[in-house]
Amino acid sequence: MKLLSALVAVSALFAVPAFANLDLAKKNACMACHAVDKKVVGPAYQDVAKKYSGQKDAVAAVAKNIKSGGSGKWGPVPMPAQAALSDADANTLAAWILAGAK
């Protein structure tokens, strides 16, 4: 199942233009706290990509963090959960972020 999720996320990365993923991040208010290349409230997406680089389950881990939120990984400000976000959109965002949000 994890492999299927990863394959779906990777295929979504190549099937959809990069700007569409930026639009998805904007639509879900991600860009209020994050930027591609600099820390805002939360970490820069490029820093997230570096942290998870080389991890085989990175897409699933980041998608889970997006959906469940959390605190303490990047500082004291908690990230709110995006529980209403579909699994497909969470995986698309995670794959885009892990690709450096390009």
Side-chain angles (χ1 to χ4, degrees):
M1 185 56 122
K2 287 183 182 181
L3 177 61
L4 179 60
S5 295
L7 291 174
V8 169
V10 170
S11 67
L13 180 65
F14 293 106
V16 179
F19 67 85
N21 297 320
L22 176 61
D23 288 344
L24 183 61
K26 288 178 181 178
K27 175 184 167 193
N28 289 286
C30 304
M31 302 309 287
C33 296
H34 297 277
V36 171
D37 59 353
K38 64 182 177 208
K39 177 177 173 41
V40 182
V41 174
Y45 287 144
Q46 291 176 349
D47 291 338
V48 175
K50 287 177 191 171
K51 180 175 183 168
Y52 287 89
S53 177
Q55 293 185 23
K56 63 181 175 184
D57 63 343
V59 171
V62 172
K64 180 181 177 199
N65 290 338
I66 291 169
K67 289 203 57 151
S68 63
S71 63
K73 291 180 185 175
W74 297 93
V77 180
M79 185 175 107
Q82 297 289 328
L85 191 66
S86 73
D87 289 344
D89 283 351
N91 283 330
T92 297
L93 285 170
W96 174 70
I97 291 165
L98 292 170
K102 295 177 183 176

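Taking CG of Asp89 as the start and CD of Gln82 as the end, the distance is 11.0 Å to the nearest 0.5 Å. Asn21 contributes atom CG, which lies 14.0 Å from atom NZ of Lys102 (distance to the nearest 0.5 angstrom). One finds the CG atom of Leu98 at 10.5 Å from the CG atom of Asn91 (value rounded to the nearest 0.5 Å). Remark: Leu85 CG to Asn28 CG distance equals 5.0 Å, nearest 0.5 Å.
Shown here is Lys51, whose NZ atom has more than 12 heavy atoms of other residues, nucleotides or ligands within 6.0 Å. Within a 6.0 Å sphere centred on NZ of Lys39, heavy atoms belonging to other residues, nucleotides or ligands number more than 12.
The two residues Lys67 and Ser86 have their closest heavy-atom pair at NZ-C, 4.0 Å. Nearest approach of Asp37 to Ala44, heavy atoms of both residues: C-CB, 3.7 Å. Counting all heavy atoms, side chain and backbone alike, Ala94 lies closest to Ala63 at CB-N, 3.6 Å. Taking every heavy atom of both residues into account, Gly100 and Ala49 meet most closely at N-CB, 4.1 Å.
You'll find the side chain of Met31 reaches within 4.5 Å of the side chain of Tyr45, heavy atoms only. Residues Met79 and Trp74 fail the side-chain proximity criterion, which asks for heavy atoms closer than 4.5 Å. Residues Val48 and His34 have side chains not in contact (no heavy-atom distance under 4.5 Å, counting atoms from C-beta outward). Residues Trp96 and Leu22 are in side-chain contact: their nearest non-hydrogen atoms beyond the backbone lie under 4.5 Å apart.
Under a 3.5 Å cut-off, the side chain of Thr92 and the backbone N or O of Ala88 do form a donor-acceptor pair.
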